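All remarks here apply to the structure that follows.
By convention here, the first residue in the shown sequence is residue 1. The structure presented is a predicted model; accordingly, all values stated were derived computationally and were not measured. The figures here come from the full heavy-atom set of this structure, side chains too, leaving out hydrogens, waters and symmetry mates.
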Amino acid sequence: MNVLVFNSGSSSVKYTCFGARDGRALAWGIVERIGQPGAVHRHQVEDRPPLERPVEAADAGRAVGVITPWLTHPDQGVFGSLSDVQAVGHRIVHGGEKMTRAVVVDEEVKAVIREYCDLAPLHNPPGLMTLQAAQAVFSCQPHVAVFDTAFHATIPEHAFLYGLPHEYYGRDKIRRYGFHGLSHGYVSREAARFLGRPIESLRMITCHLGNGCSVTAVDGGRSVDTSMGFTPLEGLIMGTRCGDIDPALVLYLMERKGLSVSEVNDLLNKQSGLKGLSGIGSGDLRDVESAGRAGNRRAKTALAAFCYRIRKYVGAYMAVLGGAEAIVFTAGIGENAPTVRRAVCDGLPDLAGGRLALDPLKNEAPADGIREVQAGAGGIRVLVVPTDEEREIAGQTRRLLAERR
Ligand code: ADP
C-alpha cells in the first residue's frame, strides 16, 4: 500500500511517501516557516539532489496545496497520479484520554482533535488543518490519525495523577499525558528487534533528546511513565524549555516580579533550558557545546544541568521498572552527542551489581544506524536508535487498515 504521511508542527508540515512494494521512503520534504515571511519548500526524491524554493504558505492547509502537485511532478514526482496514494497517515499531537490508538478519521475523530486544541494549542490546530486540506485532495482514500499521546495511554493512574484535588482530574482532565509517543514506541520496538528479544521480556528506558526532550519507562513494550506531563514543558531541561520547576515559582514571578501570563509563558517555553542557562542566545546543543569548549563557564554549567536531569530521570525509571535491560538514546542529541550519553550513563548501577560504562570508541563513532555503545555485553545494553516518526505513522496506518479488511 502506498502511504503518504503528514507530520505537522507549529510552523512546518513534513511529508513522506512510502512505497507499496517494500515500504521504502520514495520522496519526502517539508514546508517551513508557515505563516511567516520567507516560507520555503524542500522536496527530495530518493537518490536525487534536494530541491528548495520559496513559497507562499499562510497556514498548514495551504502548505498541503504546495506539496501535493510535487508528488506527481513529471521530473520530481513519485506517483503517476494522486489516486496512486492509497492511504494518508497524519500525526496528531494530542488525543487526550479518548484516543488510545490510531483511528480512521471520521467526523467524530475530528471533533475530538478539535476538543483537544485547548491542550495543544500550537500543534492540534495545524494538524487538523492539514488533515482537512488532505481530505479535500485525497477524498476517496482513508485517512488515519496517529496520536503522540496514545503510546502513553498505558501509564497507570498513580503515575499520571498530579497531587491536586481529584475534581481537577475528574472534571477538567488535568493529568500527565506524555508526548513523543511515536518516537518512544518506534525506538523501543526497533531496540527489541536489534537485541533479538521479544519486547514483552524487556524493561527499557528510552531517551528522546531533540529540541524537545523526554524520557520514558517502557515495561514489556508498554509505557508506564514518562517525563512530559499535561504539556511538553514538564520533565527534562530542553533546548529552550525549563522542564521541572517548583510550581510556586510561577506565582512568585507573577506576584513579585510583575510578569504577565504571556511573559511567563515565553520565559518558561522559549527563553529557558540550554538557551537560558548558557546565556549564549541559542538552545542548540552544538552551539552550547562549542561555547563550553571555548571556556564559557555558564555554557559548561548548562550542559552539566542538562545531563544531570536526564540521569536523574533514568535513575528514577530504573526504580520504577525494578531494573532495565536497555537504555535507548534517540533524536538529534541522543543520536549524535556522545558526551551527553556518557554523562547520563557512566557509573549507573548495572544489572549484576557492577557499574555501567560506555565503550569510548563505540560511543564516539559517527552515527550509523542502530548500534550499541556500552562496554561489554553482560549488563545493561545502551543503544543508539535513529528515530523515524514518519515510518511509525505509516506502519500504524498500514496495520490499522489491514485489521479492518
Ligand atoms: P526536533 O526536536 O526539532 O526534531 P532534533 O531531533 O533534530 O530536533 O534535535 C535537535 C538537537 O539535536 C539540537 O540541539 C542539535 O544541536 C542536536 N544535534 C543535531 N546534530 C548534532 C550533532 N552532530 N552533535 C550534537 N548535537 C546535535
Side-chain angles (χ1 to χ4, degrees), residues 8-12 91 93-94 118-126 148-149 152 160 162 174-184 206-216 225-254 257 259-289 291-292 298-299 301-314 316-317 329-337 340 343-344 387 389:
S8 18
S10 52
S11 64
S12 68
R91 172 185 177 225
V93 165
H94 216 308
D118 271 356
L119 300 192
L122 297 181
H123 290 95
N124 269 30
D148 240 342
T149 45
H152 300 300
F160 74 59
Y162 290 113
I174 294 177
R175 50 159 285 183
R176 307 180 61 255
Y177 288 100
F179 298 89
H180 290 148
L182 299 174
S183 179
H184 289 293
T206 52
C207 307
H208 177 107
L209 309 176
N211 284 312
C213 302
S214 64
V215 183
T216 296
D225 203 351
T226 192
S227 60
M228 284 179 167
F230 182 64
T231 74
L233 187 55
E234 189 177 338
L236 301 179
I237 291 174
M238 312 183 203
T240 63
R241 294 180 216 150
C242 60
D244 295 337
I245 53 168
D246 180 342
L249 248 176
V250 175
L251 309 178
Y252 180 83
L253 290 168
M254 295 180 77
K257 294 286 167 189
L259 268 60
S260 67
V261 171
S262 72
E263 285 168 336
V264 173
N265 189 25
D266 184 65
L267 174 72
L268 303 184
N269 277 295
K270 303 212 173 123
Q271 310 302 336
S272 296
L274 286 171
K275 178 182 177 187
L277 279 167
S278 67
I280 64 163
S282 165
D284 191 299
L285 184 90
R286 284 165 294 196
D287 297 338
V288 183
E289 281 195 321
R298 281 199 294 178
T301 310
L303 293 167
F306 176 80
C307 295
Y308 174 77
R309 182 74 59 86
I310 305 166
R311 187 177 171 99
K312 194 162 118 172
Y313 266 95
V314 168
Y317 288 166
F329 287 91
T330 193
I333 296 172
E335 291 167 33
N336 297 299
V340 172
V344 171
T387 194
E389 290 173 325

Side chains of [X] and [Y]: does their closest heavy-atom pair fall under 4.5 Å?
| X | Y | value |
| --- | --- | --- |
| C213 | I310 | no |
| E263 | L253 | no |
| I333 | F306 | yes |
| D244 | E234 | yes |
| L268 | V250 | yes |

So which heavy atom on I237 is nearest to which on G273, and how close?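 Here I237 and G273 meet closest at CG2-CA, 3.7 Å.
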
A331 and G210 have their tightest heavy-atom pair at CB-N, 3.9 Å

Once side chain to side chain contact (heavy atoms under 4.5 Å, CB included) is applied, do any residues pair with N265, and if so which ones, sequence neighbours excluded?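 Scan of N265 (side chain to side chain contact (heavy atoms under 4.5 Å, CB included), adjacent residues dropped) gives N269.
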
I'd like to check the side chain to side chain contact (heavy atoms under 4.5 Å, CB included) partners of S272; sequence neighbours left out, ordered by chain and number.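 Applying side chain to side chain contact (heavy atoms under 4.5 Å, CB included) to S272 gives C242, L267.
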
Whether the side chain of [X] engages the backbone of [Y] through a donor-acceptor N/O pair (distance < 3.5 Å, no angle test) should be reported.
| X | Y | value |
| --- | --- | --- |
| D266 | S262 | no |
| T149 | Y177 | no |
| N124 | H94 | yes |
| R241 | P232 | yes |

Atom OH of residue position Y162 - does it have more than 12 heavy atoms of other residues, nucleotides or ligands inside 6.0 Å? yes

Centroid-centroid distance, H152 to F179, less than 6.0 Å: no

Any side-chain donor-acceptor pair under 3.5 Å between H180 and T216? no

Does Y313 have R309 sitting over its ring (NZ/CZ under 6.0 Å from centre, angle to axis within 45°)?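 No cation-pi geometry.
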
V344 vs F329, test: side chain to side chain contact (heavy atoms under 4.5 Å, CB included). Steps then yes/no. CA-CA 10 Å; V344 171; F329 287 91; 3.9 Å; yes

Kindly compute the distance separating OG1 (T231) from CG (L119), expressed to the nearest 0.5 Å.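 T231 OG1 to L119 CG: 10.0 Å, rounded to 0.5 Å.
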
